[in-house]
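Accompanying notes for the structure given below.
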Amino acid sequence: MGVSDESRGRVRQMREKAKELNAAAERSTDPKERQRLKEKAQRLEAQSEQESGMSTGDIYPDV
């Protein structure tokens with residue numbers, strides 16, 4: 001498995017975890033816990049986007 005394959009695997013895992021966290025947030029009845037889970041999911045999504053851009057060689061993904 002090459003470096004780009006490993007990176008894609010990490011990105012996929014981060015995105016799956018973010019989906020799980022969002023789903024858990026939707027099920028949560030505690031507003032603080034819901035917010036915490038959503039924020040954690042957002043951080044993971046941002047991190048996965050950054051890593052995805054880095055693995056494709058795009059150092060300016062938002063430009």
Side-chain angles (χ1 to χ4, degrees):
M1 182 181 280
V3 173
S4 64
D5 290 338
E6 290 175 17
S7 180
R8 278 194 295 267
R10 274 195 309 276
V11 168
R12 187 179 65 249
Q13 287 177 336
M14 283 188 275
R15 289 180 179 162
E16 288 173 8
K17 182 65 175 176
K19 285 180 186 179
E20 291 172 12
L21 289 168
N22 276 319
E26 294 301 318
R27 291 190 304 268
S28 179
T29 56
D30 179 8
K32 288 184 180 181
E33 179 70 3
R34 182 181 304 124
Q35 184 64 31
R36 186 186 71 79
L37 290 168
K38 285 185 176 187
E39 288 172 359
K40 190 169 183 178
Q42 287 173 342
R43 284 192 302 272
L44 268 176
E45 289 169 350
Q47 186 179 356
S48 73
E49 287 298 316
Q50 182 179 14
E51 186 151 335
S52 176
M54 288 170 45
S55 70
T56 61
D58 185 1
I59 60 171
Y60 302 107
D62 294 334
V63 176

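For the atom pair R34 CZ and E26 CD, the distance stands at 7.0 Å (nearest 0.5 Å). Note that the CD atom of Q13 and the CD atom of E20 stand 10.5 Å from one another [nearest 0.5 Å].
Under the 3.5 Å distance criterion, with hydrogens and angles disregarded, no donor-acceptor pair is assigned to the side chains of Q47 and E51.
S52 places no side-chain N or O within 3.5 Å of a backbone atom of E49 that could act as its donor or acceptor partner.
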- [ ] Dump the intermediate steps for salt bridge (charged side-chain N to carboxylate O under 4.0 Å, His left out) on E33 and R36, then the final yes or no.
- [x] CA-CA 5 Å; E33 179 70 3; R36 186 186 71 79; 2.8 Å; yes
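At least one side-chain heavy atom of N22 sits less than 4.5 Å from a side-chain heavy atom of K38.
Scanning all heavy atoms of the two residues, the minimum distance from A41 to A18 falls at CB-O, 3.6 Å.
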